[in-house]
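The figures that follow rest on heavy atoms only: side chains count, while hydrogens, waters and symmetry mates do not. The sequence lines fix the lettering, A, B, ..., with proteins before strands; numbering per chain opens at 1. A quick note: this is a predicted structure, and the numbers were derived from the prediction, not measured.
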Protein chains: 2
Amino acid sequence: MSKNKKSPQILSSVRNSLRILKSFSTFEPSKKVSELSESLGLAKSTVSRLLSTLASEGFVIKDKKTNEYRLGLSVLTLGGIVTNNLEIHTEAAPVLNKLVNDTGETAHLAIMDGLDTIYIHKEECHHPVRILTHVGRRNPSYSTSSGKVLLAYSEDDTVDKVIENGLVAHTQNSITNPDELRNELEVIRQKGYSVSTEELTIGTRSVAAPIRDHTGKVVSAITVVGPIQRMKDYKIPEIGRKVIEAGKDASERLGYDERFVHRFT
Amino acid sequence: MSKNKKSPQILSSVRNSLRILKSFSTFEPSKKVSELSESLGLAKSTVSRLLSTLASEGFVIKDKKTNEYRLGLSVLTLGGIVTNNLEIHTEAAPVLNKLVNDTGETAHLAIMDGLDTIYIHKEECHHPVRILTHVGRRNPSYSTSSGKVLLAYSEDDTVDKVIENGLVAHTQNSITNPDELRNELEVIRQKGYSVSTEELTIGTRSVAAPIRDHTGKVVSAITVVGPIQRMKDYKIPEIGRKVIEAGKDASERLGYDERFVHRFT
DNA sequence: AGCGTTGTTCCTCTATGCGGAACAATTTAT
DNA sequence: ATAAATTGTTCCGCATAGAGGAACAACGCT
């Protein structure tokens, strides 16, 4: 009865357990059985059993006092493995350091996953006032500076899909018009960096530039985020220049050679 | 028929899927169906189905070319959430930066999980020659400097359990004698820091000191790791002093007040 | 080519995992 | 204080989901 003619077999219990894991977030780091039962549409007993199993392998931890479950250290271990095996990560991480020092703001590495943009590394700035982000965070590509850079250098049909998927307004500044988005991407390609001013989160502004691998393909973005109070208009070109520079540094570490740039778009 | 009178119900399919996830490591980041089938003692078809399900939720990614599976970005997301919600992490991370600059070596934050020690944060040094470690890495407590510090300030029965569990020699320098271990822990308590010289990995030496929370309890350890060539004997006391200092800084950020130290052991 | 692998799908049967209810342990309301 | 309500876990019986084995398809290796 499924739409797909070729649907690989999915184990419902496993899928449900994974959905439980995914339901945790930075802002809701712990959940109760009944909450999950309702939000996932499963019987309490089912959720309870799934959680017990997850707990037995350290994927969640039960707080004996409150009966709340939170993510366990097993997921931390796995996350570390992923991080260590992403080439971009190991090569570009040192560049982030320099960028943080040069700009005084928090920097990230981001890649595309599907239509979203995910932070794969974070280097925190030393300022007491900081933007709350986290590694692994998934954001809509059309509303972040890193996402827009990645879109600007991705296949046309990726942009099409993003648009088809809907441009939701997260703030008043969000880009919701397809033409406006395409235009913005063109501007980004010309300038070489992208800026997002309160397009996703009120009070924050970010600047991003592309990172290319040895084939010249844009594989990730390097980005700087800060509160708008510190990211003043007049500073943006200077920050843009620094971010582009950092992107180039990182690209070179990945084996990219600028002399071959004309081979690619 | 189980030994436990009160055994919570475990779902085998879920458990097997989690076992698959756990079987990945930094050194074996990708696996084939047949490998997993053998190592886990499950039918190929079973493993294939489990992997499909894991892939459908982004927990693993299938390489179309090689048919190998590796961990997906979902686990990165989860790892970031855990990191963000560990109080020690957010408070102590800035201290790591300073320590890396002061010592020129890679620094970690570590906590105990069960009988093992896990790195929850890493700040890489700028040296080209670096020790390969990763966040989430689980090590035996009795063979690392951070683990020994944590043991030195933990309940007696934790130490007993570690000993009961067996002191395995990972290198010629590993502590395998219970009395020797207990003695070492006493020395650590007197000195305030611990040293591990090739006790787990040949060629590396590490120094660690405790971090206390607002109640005075030792909740984590701060540690510096480097190749023995750079971690010369004569430097160790100086490094020890710096690590202790960093531990105190971090403790204060967690609300620890030294004046109340005599209230606790 | 042909053989030895590989991973996925199909198939059958059993055992597993589902939902509902009962229970126990709390917390909230009165 | 006691009662009422809400929590999470265990029990239970039935239906079905999931395990293993075999067949099939796709490669890769001599």
Rounded to the nearest angstrom, tell me the gap between atom CZ in B:Arg15 and atom P in D:dA19.
14 Å
From C-beta outward on A:Asn67, which listed nucleotide comes closest to its side chain: C:dG19, D:dG8, D:dA19?
D:dG8
When rounded to whole Å, the CG to P distance for the pair A:Leu42 and D:dG8 reads 14 Å
Using the six-membered ring wherever Trp is involved, compare the ring planes of A:Tyr142 and A:His170 and label them parallel, tilted or perpendicular (cut-offs 30° and 60°).
tilted
Just verifying a value: how many Å separate A:Ser25 OG and A:Lys31 NZ, rounded to the nearest 0.5 Å?
6.0 Å
Any ion pair linking A:Glu68 and A:Arg70 (charged N to carboxylate O, less than 4.0 Å)?
no
Contact under 4.0 Å: B:Arg49 side-chain N or O vs D:dG18 OP1/OP2
no
For the pair made of CG in A:Asp63 and P in D:dG8, what is the distance, rounded to whole Å?
12 Å
Does C:dG17 have its OP1 or OP2 closer than 4.0 Å to a side-chain nitrogen or oxygen of B:Ser12?
yes
Side-chain N or O of A:Lys62 versus OP1/OP2 of D:dT9: is the shortest distance under 4.0 Å?
yes
Determine: side-chain N/O of B:Ser48 to OP1/OP2 of C:dG7, distance under 4.0 Å, yes or no.
no
Round to the nearest Å and state the distance from B:Leu36 atom CG to C:dT6 atom P.
13 Å
Please confirm whether the shortest side-chain N or O distance from A:Tyr69 to OP1 or OP2 of D:dT7 is below 4.0 Å.
no
The side chain of A:Val33 lies closest to which of these nucleotides: D:dA19, C:dA21, D:dG8?
D:dG8
Check the distance between D:dT7's C1' and A:Leu51's CG and give it to me in whole angstrom.
14 Å
Tell me, with the steps shown, if A:Ser146 and A:Thr117 meet side chain to side chain donor-acceptor pair (under 3.5 Å).
CA-CA 7 Å; A:Ser146 44; A:Thr117 297; 5.2 Å; no
Counting only heavy atoms from other residues, nucleotides and ligands, does the tally under 6.0 Å from CG of B:Asp156 exceed 12?
no
Figure out the CG/C1' separation between B:Leu50 and D:dA19, and round it to whole Å.
10 Å
Protein-nucleotide distance (B:Leu11, atom CG; D:dT10, atom P), rounded to Å
12 Å
Atom CG of A:Leu54 and atom P of C:dG17: how far apart are they, to the nearest Å?
13 Å
Nearest-neighbour nucleotide for the A:Ser34 side chain, D:dT7, D:dG20, C:dC18 considered:
D:dT7
Taking for each residue the nucleotide of DNA chain D bearing the nearest heavy atom, is the 5' side occupied by B:Thr46 or by A:Glu35?
A:Glu35
Select one nucleotide: of D:dG21, C:dG7, C:dG19, the one nearest the side-chain heavy atoms of B:Ser45.
D:dG21
So which one's nearest nucleotide on DNA chain D is more toward 5', A:Lys32 or A:Val14?
A:Lys32
Of A:Lys44 and A:Ser13, the one whose nearest nucleotide on DNA chain C sits closer to the 5' end is A:Ser13
